[in-house]
Amino acid sequence: TPGALAVVGVGIRQVAAATAARTGTGTTTTTGGLTTTFATGALHGDAAVALNNSGTISVGASANAVGTGPAFAAAAVGSGIAQSAFVGGTTLGTGATATLVGGNASATLTKSGTINVGADASASGSAAMANARVGVGIGQTASAGNGSANVTLTNAASTGTGTGTTATAGFTGAINVGASANAIAATGAASALASVSAGVVQIASGFTANASVVNDGSISVSANANASGTAAFASALVGTGIAQIANGQAGTTVTTTANGATNTVATGGGNVSLVNTGTINVAASANANGTNLATALANANGIVQSAFAT
């Protein structure tokens, strides 16, 4: 049975991590005589990853199977671009006065070029099955226990400026995430499955958590499935075009004025933001052509935003 398989785990992976280091310790003894050690001072750093793209980044898997008998093709991309920044914290003091301290974490992607992430599977034979899947096109994660966690994606565009020798060319940033499956069966059944779990995923977790997308260019997330045979089944799914999650902590800061009055201000929390002056397209398309039976299913979810303060 002719078969073709193509797999890409991760196209680009960026990871940064930092943890707090104790600089002083103290001890306390309970009434039962148990002695515990705690930190009295610590140094902490920040963790940051950044990717700037003004050219073209392409991450793709392509599988093509052709035979006179049954044919099978599968293509998968786990993640096109994965950015992760993690900061660990430490607790100063003990008991009711204990305080968690730590640095900040950030993941930033700034682009004026093109990013393509795709999986393409084609099968042709007496019977045929094609399966194309993309897990996550662009994934950004920042975690800072008691600091600020920020994930930012900027997809820029410009019409250009100036004239003559001072002219600056225009550009349009583009993000294309797609899965395509095509199955053609001459005498038997055909099945085509195409799916994208998420085009863009942002996850921020910290005392203050912020997830931001600014799109002046184009973002396209798509799944396309086509099947043709005596019995044909085609399924196309986009789980989420853009998903933003910010999980922050609710807190307060109390300040005292010169006359002794107090002012309490809410701090921390989660914030998500999407500013779009360009185009965002999220689509799923399924086509089935069967001489005896044909079934086509297509489903796409656009933008999901979630912000928490716990």
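None of these values were measured; they are calculated from a predicted model.
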Trainee: Closest heavy-atom contact between Gly135 and Ser197?
Mentor: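 Taking every non-hydrogen atom into account, O-CB, 2.9 Å.
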
Trainee: Checking the side chain of Gln305 only, and the main-chain atoms of Ala243 only, is there a donor and an acceptor separated by less than 3.5 Å?
Mentor: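 Side chain of Gln305 to backbone of Ala243: no pair is present.
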
Trainee: Atom OG in Ser306, atom CG in Asn247: separation rounded to 0.5 Å?
Mentor: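 Ser306 atom OG to Asn247 atom CG measures 10.0 Å (nearest 0.5 Å).
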
Trainee: Looking only at heavy atoms, what is the nearest atom pair of Ala63 and Ala75, with distance?
Mentor: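 Nearest pair, atom of Ala63 first, then Ala75: N-CB, 4.1 Å.
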
Trainee: Show, in sequence, the C-alpha distance, side-chain angles and deciding distance for Leu274 and Ile303, and conclude whether the side-chain contact (heavy atoms from CB on, under 4.5 Å) test is met.
Mentor: CA-CA 10 Å; Leu274 192 155; Ile303 298 170; 4.0 Å; yes

Trainee: Taking the side chain as every heavy atom from C-beta outward, state whether Asn155 and Ile219 have any atom pair closer than 4.5 Å.
Mentor: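 Heavy-atom side-chain distance check passes, below 4.5 Å.
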
Trainee: With distance as the sole test, does Gln140 use its side chain to make a donor-acceptor pair with the main-chain N or O of Thr152 at under 3.5 Å?
Mentor: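 Yes.
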
Trainee: Testing the basics here: between Ala234 and Ala225, what is the closest heavy-atom pair and its distance to 0.1 Å?
Mentor: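 Closest heavy-atom pair between Ala234 and Ala225: CB-O, 3.9 Å.
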
Trainee: Is any side-chain heavy atom of Pro70 closer than 4.5 Å to one of Met129?
Mentor: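 Sidechains of Pro70 and Met129: no contact.
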
Trainee: Taking all heavy atoms of Ser222 and all of Val238, pick out the closest pair and write down the distance.
Mentor: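 Taking every non-hydrogen atom into account, C-CG2, 4.0 Å.
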
Trainee: Grab the two heavy atoms, one from Ser126 and one from Thr68, that are nearest each other, plus how far apart they are.
Mentor: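 Closest pair (atom of Ser126, atom of Thr68, distance): CB-O, 3.4 Å.
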
Trainee: So do Val8 and Val10 actually touch side chain to side chain, heavy atoms under 4.5 Å?
Mentor: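 SC-SC contact between Val10 and Val8 ruled out.
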
Trainee: Is the shortest side-chain heavy-atom distance between Ser220 and Ile175 below 4.5 Å?
Mentor: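 No, their side chains stay 4.5 Å or more apart.
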
Trainee: Is there a donor-acceptor pair closer than 3.5 Å between any side-chain N or O of Asn104 and the backbone N or O of Ser148?
Mentor: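 Looks like yes, one N/O pair under 3.5 Å.
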
Trainee: Could you check whether any side-chain heavy atom of Phe233 comes within less than 4.5 Å of a side-chain heavy atom of Leu297, counting everything from C-beta outward?
Mentor: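 The answer is yes; the side chains approach within 4.5 Å.
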
Trainee: Any donor-acceptor pair under 3.5 Å linking the side chain of Lys111 with the backbone of Thr56?
Mentor: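 No; judged by distance alone, with no hydrogens or angles, the pair does not exist.
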
Trainee: In terms of hydrophobic clusters joined by side-chain contacts under 4.5 Å, are Val200 and Val49 together?
Mentor: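 Result: no, two separate clusters.
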
Trainee: Membership question, hydrophobic clusters at under 4.5 Å side-chain separation (ILVMFWY): are Leu109 and Val59 in the same one?
Mentor: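 They do share one cluster, since a chain of ILVMFWY contacts under 4.5 Å joins Val59 to Leu109.
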
Trainee: Between Ile203 and Ile138, is there shared hydrophobic-cluster membership here, with clusters defined by ILVMFWY side-chain heavy atoms closer than 4.5 Å?
Mentor: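 Hydrophobic grouping puts Ile203 apart from Ile138.
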
Trainee: Measure the spacing between CG of Asn271 and CG of Asn210 and express it to the nearest 0.5 Å.
Mentor: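 Reported value, rounded in 0.5 Å steps: 5.0 Å.
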
Trainee: Would the distance check show the side chain of Gln202 and the main-chain N or O of Ser212 forming a donor-acceptor pair, the cut-off being under 3.5 Å?
Mentor: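 Judged by distance alone, yes, a pair lies under 3.5 Å.
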
Trainee: Indicate, with yes or no, if Val213 and Val282 share a hydrophobic cluster defined by side-chain heavy-atom contacts under 4.5 Å among Ile, Leu, Val, Met, Phe, Trp and Tyr.
Mentor: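 Cluster IDs for Val282 and Val213 match.
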
Trainee: To the closest 0.5 Å, what do you measure between CG (Asn215) and CG (Asn276)?
Mentor: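 One gets 4.5 Å once the value is rounded to the nearest 0.5 Å.
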
Trainee: How about Ile12 and Ile57: do any of their side-chain heavy atoms sit closer than 4.5 Å?
Mentor: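 SC-SC contact between Ile12 and Ile57 confirmed.
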
Trainee: Is it the case that the side chains of Ser228 and Asn226 hold a donor-acceptor pair, with the cut-off being a distance below 3.5 Å and no angle test?
Mentor: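 Not at all, the side chains of Asn226 and Ser228 share no donor-acceptor pair under 3.5 Å.
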
Trainee: Is there side-chain contact between Val117 and Asn176, with at least one heavy-atom pair below 4.5 Å?
Mentor: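 No, side chains not in contact.
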
Trainee: Any chain of hydrophobic side-chain contacts (each under 4.5 Å) joining Val151 to Ile242?
Mentor: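 No; tracing contacts between hydrophobic side chains, which count when under 4.5 Å, never links both residues.
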
Trainee: For residues Ser124 and Ala71, report the shortest heavy-atom separation together with the two atoms involved.
Mentor: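 Here Ser124 and Ala71 meet closest at O-CB, 3.4 Å.
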
Trainee: Measuring from Asn52:CG to Ser112:OG, what's the distance to the nearest 0.5 Å?
Mentor: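 Atom-to-atom, Asn52:CG and Ser112:OG are 9.0 Å apart.
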
Trainee: For Ala82, does its backbone N or O pair with a side-chain atom of Gln14 as donor and acceptor, under 3.5 Å?
Mentor: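 No; judged by distance alone, with no hydrogens or angles, the pair does not exist.
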
Trainee: Any donor-acceptor pair under 3.5 Å linking the side-chain atoms of Thr277 with those of Asp216?
Mentor: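 Side-chain D/A pair, Asp216 to Thr277: present.
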
Trainee: To the nearest 0.5 Å, how far apart are CG in Asp46 and OG in Ser106?
Mentor: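 Separation between the atoms: 7.5 Å.
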
Trainee: Rounded to the nearest 0.5 Å, what separates atom CG in Asn116 from atom OG in Ser58?
Mentor: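 Taking CG in Asn116 and OG in Ser58, the distance rounds to 4.0 Å.
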
Trainee: Given Ile81, which of Asn53, Leu51, Val136 fulfils the side-chain contact (heavy atoms from CB on, under 4.5 Å) condition?
Mentor: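 Considering Asn53, Leu51, Val136, a side-chain contact (heavy atoms from CB on, under 4.5 Å) with Ile81 is found only for Leu51.
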
Trainee: Would you say the side chain of Ser122 lies within less than 4.5 Å of the side chain of Asp120, judging by non-hydrogen atoms?
Mentor: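 When only atoms from C-beta onward are counted, Ser122 and Asp120 do touch, with a gap below 4.5 Å.
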
